[in-house]
Amino acid sequence: RGDVAGLQSELSGAPSTDAVIAALRRLPTGSRVVEVGCARGALGSLAILLGHDYVGLDISESAVGAAVAHFGPHFRADPMGALEPGTFDLVYHTGTVGCVPDPVLFTTGALALLAPGGRLVFNAPNVASAQATGALWDFGTPPPDLVTLFPVEFWHTRFASRADVVVDAVAAVPRYAARMWLRQRLGLPADRAAAVALAQSGSVDKGLERLVSQLARLLVGVPGVAQMIPALPHPYGILIEMRRP
């Protein structure tokens, strides 16, 4: 319907998508934009509606087909290397860099697409979240979907010589922190894969997971109790912006 504000409201809420939305809104109309891992085109639809020259890439041909059907021929099942390097104003991806076999090579390829002054915006899974919860992997994204967790300083260490790098670590929402705190108090595993295995084996009542979520929702509204719950880093809350000089 051409409702930019309504679409933005529908897409916003997660730190990663909010960062991408802000980057898209800063660009002048007609800017060249690439999304890597576009899925079915939801976030890309905002770039299209804002009037940018947008290309969405994904390895899933079925997802690309659905995106084309909904939003037009802006999407391809192509690798980044198929695009012309040094010509794009913004490259972005969300929830992707933890799932690629070589994150450094992947990020180097994304930077190569940028024109001078262009920006790469993305988020990454935070190893500090896994450490804080006692989980081996990011809670909610166990293997094989997630293959790499990153410390916050990783991005400066690896890429400061190639780009101007800004990194921000976002705290988890209070309800997530409350849920993890309850799991620890009840002796439940923080790792979701382990929790699912216990539930399937009958060692843990399947309703207990639902109860923990409901209790967490109640706890964050109680001032005295809420202050006892330690803050946690967001599982996918490392936000990175790299600018090509």
Side-chain angles (χ1 to χ4, degrees), residues 4 7-39 41-58 67 74-76 79-81 83-100 102-126 138 148-171 233-245:
V4 173
L7 179 58
Q8 179 174 325
S9 176
E10 188 73 22
L11 294 170
S12 63
S16 56
T17 53
D18 289 347
V20 169
I21 289 169
L24 289 170
R25 296 305 298 259
R26 288 196 301 264
L27 292 172
T29 301
S31 296
R32 300 199 71 194
V33 175
V34 177
E35 180 180 9
V36 185
C38 63
L43 194 52
S45 67
L46 180 63
I48 296 166
L49 194 56
L50 288 170
H52 297 314
D53 183 3
Y54 167 88
V55 177
L57 304 178
D58 203 279
H74 305 275
F75 306 87
R76 310 177 192 173
M80 284 191 295
L83 300 177
E84 185 180 358
T87 60
F88 292 92
D89 303 297
L90 175 67
V91 178
Y92 72 86
H93 52 85
T94 60
T96 301
V97 75
C99 306
V100 300
D102 190 333
V104 173
L105 183 64
F106 177 77
T107 304
T108 301
L111 284 172
L113 294 175
L114 295 174
R119 297 177 186 273
L120 169 62
V121 175
F122 62 101
N123 71 322
N126 191 347
D138 164 31
T148 308
L149 297 166
F150 302 91
V152 173
E153 63 273 11
F154 175 87
W155 303 103
H156 276 297
T157 302
R158 290 301 185 104
F159 293 99
S161 63
R162 307 181 196 182
D164 302 323
V165 181
V166 177
V167 181
D168 185 25
V170 180
H234 192 289
Y236 256 87
I238 303 178
L239 302 179
I240 305 101
E241 181 171 313
M242 299 185 185
R243 177 185 169 276
R244 180 179 172 185

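Computation of the quantities below employed the complete heavy-atom set of this structure, encompassing side-chain atoms and omitting hydrogens, waters and symmetry-equivalent molecules.
- Using a 4.5 Å heavy-atom cutoff, the side chains of L57 and L83 are in contact.
- The side chain to side chain donor-acceptor pair (under 3.5 Å) test applied to D164 returns R243, not counting sequence neighbours.
- For R119, the salt bridge (Lys or Arg N to Asp or Glu O under 4.0 Å) partners are E241, not counting sequence neighbours.
- V97 places a side-chain heavy atom less than 4.5 Å from the side chain of F150.
- In this structure, L24 and A47 approach most closely via the heavy-atom pair CD2-CB, 3.9 Å.
- Comment: R32 does not engage D89 in a salt bridge, judged by the lack of any side-chain N to carboxylate O separation of less than 4.0 angstrom.
- In this structure, N126 contributes its side chain and I238 its backbone to no donor-acceptor pair below 3.5 Å.
- Among residue pairs with one or both ends in residues 151-161, none qualify as side chain to side chain donor-acceptor pair (under 3.5 Å); sequence neighbours excluded.
- Side-chain contact check for V170 versus Y236: every heavy-atom pair is 4.5 Å or farther apart.
- Counting only heavy atoms from C-beta outward, the side chains of T96 and F122 never approach each other to under 4.5 Å.
- Residues passing the ring pair (Phe, Tyr, Trp, His ring centres under 6.0 Å) test with Y54 are F75, sequence neighbours excluded.
- By the side chain to side chain donor-acceptor pair (under 3.5 Å) test, T148 pairs with no residue at all, sequence neighbours left out.
- Every residue meeting the side-chain contact (heavy atoms from CB on, under 4.5 Å) condition with L49, not counting sequence neighbours, appears here in chain and number order: V4, L7.
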Pair F159, I240 - check side chain to side chain contact (heavy atoms under 4.5 Å, CB included), show working. CA-CA 11 Å; F159 293 99; I240 305 101; over 6 Å; no
